[in-house]
Amino acid sequence: MSDYGFQEEEFESKFNGGTFLRILEQVKPHWRWVAGFVASVTVVSILNSVFTMLGMRIVDDGITAGSPTALQTIAVYYGALVFVQAAFVFIFIFLTGILGHRVQYELRQKMFKHLQTLSLSYYNRTPVGWIMSRMTSDAQRIADLVTWGMLDVTWAIINIVTAFIFMLTINWQLALIVFTVIPVLVWVAMWFERRIVVQYRIARKANSKITGAYNENITGVRVVKAMNREARNLEEFGGLTDDMFGASFRAAQLSALFLPSVQLISAVALGAIVLYGGGQVEIGGMTVGGLQAFISYVTFMLWPVQDLARVFASMQQAIASAERVFSLVDASPDVVDKPESYDPGSIRGDIVFDDVTFWYEPNTPILKGFNLTIKQGETVALVGPTGAGKSTLVNLVCRFFEPQQGRILIGGHDYRDYTQQSIQSRIGMVLQTPHLFSGSIRENIRYGRLAATDDEVVAAATLAGAHEFIMALEKGYDGEVGEGGNRLSVGQKQLISLARAVLAEPEIFVMDEATSSVDTLTEALIQRGMETMTSARTSFIIAHRLSTIRRADRILVIEDGGVSEMGTHAELIRARGHYYRLYTQQFRREMEEAFDKRETGEMEKIPA
C-alpha cells in the first residue's frame with residue numbers, strides 16, 4: 001500500500017528539447033497575443049536602456065556642463081517616456097495573464113477530452129491521484145512557463161541585446177570585456193541545469209503518489225477509521241512526503257548555488273570594468289556619465305542572467321510536469337474503432353462468443369476457447385466463484401475490452417465492425433457499487449437520457465421502484481445526493497441507478513451483483529425493477545444472492561473461465577451439481593438468520 005501500486009514511465013535525465021518544443025506549441029494558436037506581449041516587453045526593455053542613456057545626458061550635458069536648459073529638456077523627454085512605458089507595462093501584463101489562463105484551460109480540456117477516449121483498462125492500471133495531479137498542478141506549471149516564464153526570458157534577452165548595443169556606442173573595448181563573461185555564465189547554467197532537472201522529475205513523481213495517497217485515504221476514510229489505520233497511514237504518507245521533500249530540497253539547494261555563482265562572476269566582471277573604465281575617465285577616454293551609464297548597462301545585462309536562475313528552475317519543473325501531461329495525452333486506448341466501423345442503428349439480435357480467448361495479463365487467460373450463444377431477449381444469470389470470469393464476460397459484451405483471440409458477434413456481425421459508441425450507448429448497467437454524480441436525484445436519473453422530460457424521469461423512477469422513497473425525502477426529486485451519493489443509503493443509490501438504466505431504454509441490460517449489499521425489502525424493490533428491465537431485452541445478471549435469479553431463462557455456472565453448468569433454476573436444482581450446493585447452502589444460511597431474528601424477538605418479549 002505504501003507504494004500505491006503504480007509505476008509510471010521513467011523519463012530521460014537530460015534536458016528534453018522535444019518536450020520543450022511541445023510546450024511552446026501550446027501557444028501557437030494564440031500567436032497574436034504572444035506577438036503583442038513580446039512587442040510590449042521589447043518596447044519596455046528598450047525604454048529602460050533609453051532612460052539610462054538619458055541619465056548619462058543628465059550627468060554630462062546638464063550637471064557637469066551646468067546647463068539648466070538641457071536638464072529641463074531631458075526631464076520633459078523622461079516624463080513623456082515614463083507614461084509610454086507605463087502603458088506598455090499594462091499591455092504585456094494583461095496579455096500575459098489572459099494567455100496563461102487560456103493555455104491552462106485548453107490543456108485541461110485536451111486532457112479531459114482524451115480521457116474520454118481511453119479504454120477501461122487505462123483506468124484499471126492508472127491511479128486517480130496520478131490523473132488528478134496531471135490535470136491540476138502540472139497543467140498550471142506548463143501555463144506559467146509559456147506565459148510568465150516566456151515573459152521573463154524575453155525580458156532578459158531584450159535587455160541583454162539592447163544593453164550590449166548601447167555599451168558598444170559608449171566604449172566598444174569595455175563592451176568586449178563584458179561579452180567574454182557571457183559564455184562562462186552559459187556554461188555555469190548548463191552545468192546546474194543537468195542536475196536540477198533530475199531532482200524535479202523525482203519530485204513530480206513523488207507528488208503523483210502523494211495525490212494518490214490523498215485520494216485513497218479520503219475516499220476510504222470509513223475503512224481507515226474502522227480498521228484503526230490512522231497511525232500506519234500517517235507513517236506511510238510520511239515516507240512519500242520525505243521523498244518529495246528530499247528531491248525538492250536538493251533542487252532548491254542547486255538553484256540557490258546557481259544564483260551566487262552568477263553573482264560572483266558578475267562581480268568579477270564589474271570590478272574589471274570599474275578598474276579599466278576609471279582609467280579611461282582619467283585620460284579623457286570616457287565621461288563620468290558614460291562610465292555610470294556603462295555600469296548600469298552591465299547591470300541590465302548581468303541582472304537578467306541572474307534572474308534566469310529562477311526562470312530556469314521553473315522551466316525544469318514545467319518540463320518535468322509536461323513530460324507527464326504529454327504521457328497522458330499520448331496514451332493510446334486499447335480498444336479502437338476500425339476506420340470503416342459504423343452505427344448499425346440497433347444491436348438487437350443474438351450474442352455469440354465464438355472461440356473467445358481473453359487475458360488481462362499475458363500467459364494467464366481468464367477465458368480460453370470460450371463458446372456461448374445468448375438469444376435475443378434472453379435473460380442470462382451468471383454465478384460462480386470470485387475471479388471465475390463473470391464480470392469479464394459482461395465487460396467483453398460491453399466492449400470495454402476486446403478478445404485477444406476469437407470474436408464476439410451481435411446480430412450476426414463481429415461487433416468490432418460497429419463503433420464503440422453505438423454499442424455502449426445501447427447498454428444499461430447497474431453495478432454492485434453504484435456511482436451517483438454530485439447534483440440532484442432528478443439530474444442523476446436524467447443522466448440515462450439527457451433529453452428526458454420530468455414526467456419521463458418520474459415514470460422511470462416508478463418502474464424501478466424508487467419513486468416512493470424519493471417522494472419521502474424533504475426535497476423529493478430536487479434533493480441533493482452528495483458527493484458519490486453519500487447522502488443516500490446503498491439501496492437508495494441502487495434504485496436510482498436502476499431508474500437511470502430504465503430511462504435510457506437500453507437494448508442490452510447488465511446487472512452486476514446489484515442486490516449483494518441491500519436489505520431484503522430493498523432487494524424486493526430492485527427485483528421488481530429488474531423484471532421491468534429484463535422483459536423484451538437481452539439481459540445479463542451477475543448474482544450473489546441466488547434468490548434473485550430463479551426466474552432467469554438460463555443460469556450459467558462459470559468456473560475456471562468456462563461454463564461448468566447451464567440450465568434453468570429447476571433444471572440445475574434437479575441436477576444436484578455445483579449450483580445446487582450453492583443454492584442450498586445460501587438458502588440454509590438465510591433460514592438460520594431469519595430463525596435467529598425470530599428467536600431474538602421472542603426473547604425481548606420476556607419481562608425482566
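Heavy-atom basis, side chains included; hydrogens, waters and symmetry copies ignored. Being a predicted model, the structure only gives us computed values, none of them experimental.
- The side chain to side chain contact (heavy atoms under 4.5 Å, CB included) check on Ala504 picks up Pro506, with sequence neighbours excluded.
- The existence of a salt bridge linking Glu106 and Arg102 is confirmed by a sub-4.0 Å separation between a basic side-chain nitrogen and an acidic carboxylate oxygen.
- A salt bridge is absent between Asp417 and Arg407; no separation between the charged side-chain nitrogens and carboxylate oxygens falls under 4.0 Å.
- Here the closest non-hydrogen pair linking Phe92 and Phe37 is CB-O, 3.9 Å.
- Of all heavy-atom pairs spanning Arg324 and Asp138, the tightest one is CB-OD2, 4.3 Å.
- Considering only residues two or more places apart in sequence or on other chains, Ala466 meets the side chain to side chain contact (heavy atoms under 4.5 Å, CB included) condition with Ala461, Phe469, Ile470, Leu495.
- Ring centroids of Phe370 and Phe358 are separated by 6.0 Å or more, keeping the two rings apart.
- Checked for salt-bridge contact, Arg22 and Asp330 meet the test: a charged N lies under 4.0 Å from a carboxylate O.
- The side-chain heavy atoms of Ile508 and Ile351, taken from C-beta on, include a pair separated by under 4.5 Å.
- With a 4.5 Å cut-off on side-chain heavy atoms, Leu393 and Leu367 count as touching.
- The aromatic ring centroids of Phe509 and Phe540 lie 6.0 Å or more from each other.
- Atom CD of Glu474 has 12 or fewer heavy atoms from other residues, nucleotides or ligands within 6.0 Å.
- Taking a cutoff of 4.0 Å between a charged side-chain nitrogen and a carboxylate oxygen, Arg446 and Asp454 qualify as a salt bridge.
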